Amino acid sequence: MGTAIDAVVGVLVWLINLCYGFCHNYWMAILIFTFLTKVILLPLSVWVQKNSIKTVRMQPEMNHISATYMGNQEAISEEQYKLFKREKYSPFADLIPLFVQLALLMGVVEAVKRGTSLTDIPVKTGGVTLLIPLLAALSAFFMCYVQNKINVLQSEQGALNKYGTMIFSVALSLYLGFFVSIGVGFYWSCSNILSIVQLVLLNIWINPKDYIDYEALEKSKEELRQAKAFMTSKQKEDRKSPYRDKEKADYRKFVKTPDKKIVFFSEKNGFYKYYKNIIEEIIRRTNIVIHYITSDPEDEVFGMESGQFKPYYIGEHRMIVLMMKMETDIMVMTTPDLENFQLKRSYIQKDIEYIYVPHDVNSANLAFRKDALDHYDTIFTSGPKNKSEIAEREEKYGLPAKKLVEWGSSVIDNMTKSYEEMIKEDSVREQEDKTVLIAPSWQKDNILDSCIEAMLDQLVKTPYHIIVRPHPQYVRHYEGRIDTLAEKYKEYDVMFQKDFSSNKTVYTADLLVTDWSSIAFEYSFSTLKPVLFIDTPMKILNPDYQELTTVPIDIELRSRIGISIKPENVEDEIKNSVDKLLYDEQFSKDSLYKLKEAYIYNNGESGKVGAKYMIDKLVERSGK
């Protein structure tokens, strides 16, 4: 090792003496020597420039990852690793120039001692030599100032990083200037000054603006800033939350429970209805224990705990970690985008079967992101349309085939049952005056935002009873607008409903008016009554949905269970459309029942079908 160091020092001494031979002045010799080292190391400097550009070019995606997985360092590290691997980037590569500079400095220290007369050390000799530490500190300050302004990587750092680096660099330069020879201090000063010149030239030669999308970078910074603000607020809330201890206790209890066969996950209260029939059938037929995780501490399921039904409260942030450590045979979810965002498949148990249970019968190809269901093993499909579009997507994009279970819809099954019970109990009587229910979606430009007044102005002229049932979120944000409309149409007895505790108005209505709300199919297939659709702008999360030839059920069924009219034509067409829907045989109960049988699997039996599939799978796994 010593021989290698001596060899390097020998080369540096030779180079300094060579420079001295040109000018016969050690000060000038060191300046020329520093310039030559910059030229020799120019390929390394070019590499550093390109690597810095690559780092900043990745920054928008890195910021997005940090914002998306805020509070989950494991997930952030994993996603950044994938990004670095894709971009062939190693953060450790940034240390190479530092090691080279340190090695060169150590060599220069020895080379100046052996090969020059500039060996005075300011802290010992004092006098004019004290100018060298000041020159070193001043050059370091100037270099850091310029780097903070124009260095592609340093200019993107925060103020603490920028000025912290500046203070450290100036302090180090001052220290070196005092305690090493004046020749080394002068070399350090020259190196700093030439680094500034080199940086300016490199920015001209390899201009960062040619490679970096600074607009995207600024947007990602704002996204990250908002995520941090939200997390700070959330952490404050969590610290004050009365459910904090419950979450910790439930987390420990869940993790320590051995041999879990099946786990259901619900994002919030009210989602139990999507699983209800399946869970009840499993409990009825077997002694399997259902483990039910909810991220809502006030979920109704906590009042249902039994020997076979175990609910747990796990908040959304802790749930991210739990998903990565999940151990069970079957994981049932109604949340799209598994693996795409925070919620991941288990890193611990690789053979878990992930089953997706849909909220509604709408098209996943239209209403979700393109790859929202790609990481599930099994999809419970509501009908032939849903099944065919998933199968077509797998074939078109060469995706692994998932198990597509012909399931149905528990929501429609339960709504149908409730409606039939109401009829038997004589709760729903045939009324002389028909009722028209207006129930818009919550999406942008919905009926309430586009044509509600034109609609009501015409409907109040008819003999029909009119009820407006806004989406709960619309009431939450625009209750004042609802109250203003209620006051305007009060003399016509138009009812504006803000209490959503009962579905009676849905069942009793003879006709539903909506836009793109999923309630349309649930209403029509449970009551066998028609729907008037208003063609407001369609909410599309997958702009590539037309790449598939399967027409989304949301579009195809509009003209079969009802009539569609454009918002601008409401005033002229709505009265005739309502009359036709209420009295035309095309929209009779028999006609709508046939459509229900054609478009929805296993009517009334979805719970049994879903439970049977899961039970059979558990039996199959136990026999392996």
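Note that the structure is a prediction, hence the values are computed from the model and not measured.
A donor-acceptor contact closer than 3.5 angstrom links the side chains of S220 and N63. Under 3.5 Å, the side chains of T549 and E392 contain a donor-acceptor pair of N or O atoms. There is no side-chain donor-acceptor pair under 3.5 Å between D413 and N277. With no hydrogens or angles considered, no side-chain donor-acceptor pair links Y356 and D377 at under 3.5 Å. A donor-acceptor pair shorter than 3.5 Å can be found between the side chains of S588 and S591. Looking at E556 and Y599, their side chains do bring a donor and an acceptor atom within 3.5 Å of each other. Donor-acceptor pairing under 3.5 Å is recorded for the side chains of H291 and Y312. Judged purely by distance below 3.5 Å, without hydrogens or angles, the side chains of N365 and N542 pair a donor atom with an acceptor atom. For the 3.5 Å distance criterion, the side chains of S606 and S409 fail to qualify, holding no donor opposite an acceptor. No hydrogens or angles considered: nothing links the side chains of E267 and S295 as a donor-acceptor pair under 3.5 Å. In the model, D445 has no side-chain atom that pairs as donor or acceptor with a side-chain atom of S450 under 3.5 Å. Side-chain contact check for E298 and N269: no donor-acceptor pair (N or O, by modelled atom type) lies under 3.5 Å. Side chains of D510 and Y464: a donor-acceptor N/O pair is absent below 3.5 angstrom, by distance only.
Listed here is the closest heavy atom pair of S441 and D515: OG-OD1, 2.7 Å. Minimum interatomic distance between Q497 and P470 (heavy atoms only, all atoms of both residues): O-CD, 3.2 Å. Contact between T328 and I352 at its shortest, heavy atoms only, is O-CG1, 3.1 Å. The nearest pair of heavy atoms linking A439 to I519 is O-CG2, 4.4 Å. Minimum heavy-atom separation, K260 to F254: NZ-O, 3.0 Å. The two residues A520 and T514 have their closest heavy-atom pair at CB-CG2, 3.9 Å.
Between atom NZ of residue K596 and atom OG1 of residue T416 there is a gap of 3.0 Å, rounded to the nearest 0.5 Å. Here CG of N569 is found 11.5 Å from CD1 of I574. Values are rounded to the nearest 0.5 Å. Put simply, CZ on F380 and CG on N602 are 11.0 Å apart, with the number rounded to the nearest 0.5 Å. In this structure, the separation between OH on Y507 and CE on M422 is 7.5 Å, given to the nearest 0.5 Å. Rounding to the nearest 0.5 Å places CD1 of I278 at 12.0 Å from CD1 of I283. To the nearest 0.5 angstrom, E487 atom CD is 10.0 Å from E491 atom CD.
Using a cutoff of 4.0 Å between basic side-chain nitrogens and carboxylate oxygens, R621 and D351 are scored as salt-bridged. Using a 4.0 Å cut-off between charged nitrogen and carboxylate oxygen, R86 and E61 count as a salt-bridge pair. Checked for salt-bridge contact, K608 and E280 miss the test: no charged N lies under 4.0 Å from a carboxylate O. Under a 4.0 Å N-O distance rule, the pair E420/K417 does not qualify as a salt bridge. A salt bridge links D329 with K261: the closest approach of a Lys/Arg side-chain nitrogen to an acidic carboxylate oxygen falls below 4.0 angstrom. In summary, D590 and K594 do not engage in a salt bridge, as defined by a charged side-chain N under 4.0 Å from a carboxylate O. Classification of R393 and E389 as a salt-bridged pair fails, no side-chain N sitting under 4.0 Å from a carboxylate O.
Formation of a donor-acceptor pair under 3.5 Å by the E247 side chain with backbone atoms of G315 is found in this model. In terms of modelled atom types and a separation under 3.5 Å, the side chain of K617 and the main chain of K612 share no donor-acceptor contact. The backbone N or O of C451 lies less than 3.5 Å from no partner atom in the side chain of E571, so there is not a single donor-acceptor pair. Of the possible polar contacts, none joining the K575 side chain to the T462 backbone as a donor-acceptor pair under 3.5 Å is found. In this structure, the side chain of D299 does not engage the main chain of D296 through any donor-acceptor pair within 3.5 Å. Checking side-chain atoms of Y523 against main-chain N and O of L511 turns up a donor-acceptor pair under 3.5 Å. E339 places a side-chain N or O within 3.5 Å of a backbone atom of R345 that can act as its donor or acceptor partner. Formation of a donor-acceptor pair under 3.5 Å by the S524 side chain with backbone atoms of K529 is found in this model. A donor-acceptor pair under 3.5 Å is formed between the side chain of Y275 and the backbone N or O of F265. Side-chain atoms of D213 come within 3.5 Å of backbone atoms of A216 as a donor-acceptor pair (strictly under, hydrogens ignored).
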* Kindly determine whether N603 and F525 satisfy side-chain contact (heavy atoms from CB on, under 4.5 Å), including the steps that lead there. => CA-CA 10 Å; N603 284 296; F525 287 150; over 6 Å; no

* To do: Applying side-chain contact (heavy atoms from CB on, under 4.5 Å), run through F264 and V357 and close with a yes or a no.
  => CA-CA 10 Å; F264 287 77; V357 175; 5.8 Å; no

* From CA spacing to verdict: side-chain contact (heavy atoms from CB on, under 4.5 Å), K402, E394 -> CA-CA 8 Å; K402 291 178 278 296; E394 290 175 348; 3.0 Å; yes

* Apply the test salt bridge (Lys or Arg N to Asp or Glu O under 4.0 Å) to residues R284 and E281: give CA-CA distance (whole Å), side-chain angles for both, the deciding distance (0.1 Å), then the verdict. => CA-CA 5 Å; R284 187 184 70 81; E281 184 68 13; 2.6 Å; yes

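Heavy-atom neighbours of Q546 CD from other residues, nucleotides or ligands within 6.0 Å: at or below the threshold of 12. Counted within 6.0 Å of NZ on K498, heavy atoms from surrounding residues, nucleotides or ligands total more than 12; the atom is thus considered enclosed. At most 12 non-hydrogen atoms from other residues, nucleotides or ligands lie less than 6.0 angstrom from NZ of K268. For Y478, the OH atom is loosely surrounded, since the number of other residues' heavy atoms within 6.0 Å does not exceed 12. More than 12 heavy atoms of other residues, nucleotides or ligands lie within 6.0 Å of NZ in K370, so this atom counts as buried by the packing criterion. The environment of M538 atom CE is dense: over 12 non-hydrogen atoms of other residues, nucleotides or ligands sit within 6.0 angstrom. The environment of E300 atom CD is dense: over 12 non-hydrogen atoms of other residues, nucleotides or ligands sit within 6.0 angstrom. Atom CZ of R476 has 12 or fewer neighbouring heavy atoms from other residues, nucleotides or ligands inside a 6.0 Å radius.
A cation-pi contact links R558 to W516, judged by a cut-off of 6.0 Å to the six-membered ring centre and 45° from its axis. At least one test fails for K403 against the ring of Y376: distance under 6.0 Å to the centre or angle within 45° of the axis.
If you look at Y272 and Y292, their ring centroids are closer than 6.0 Å. Ring-centre distance between F271 and H359: below the 6.0 Å cut-off.
Between V531 and the choices L592, L581, L512, the side chain to side chain contact (heavy atoms under 4.5 Å, CB included) rule is met once, by L512. Checked options I467, I466, L437, T435; the residue passing with M495 is I467 (criterion: side chain to side chain contact (heavy atoms under 4.5 Å, CB included)).
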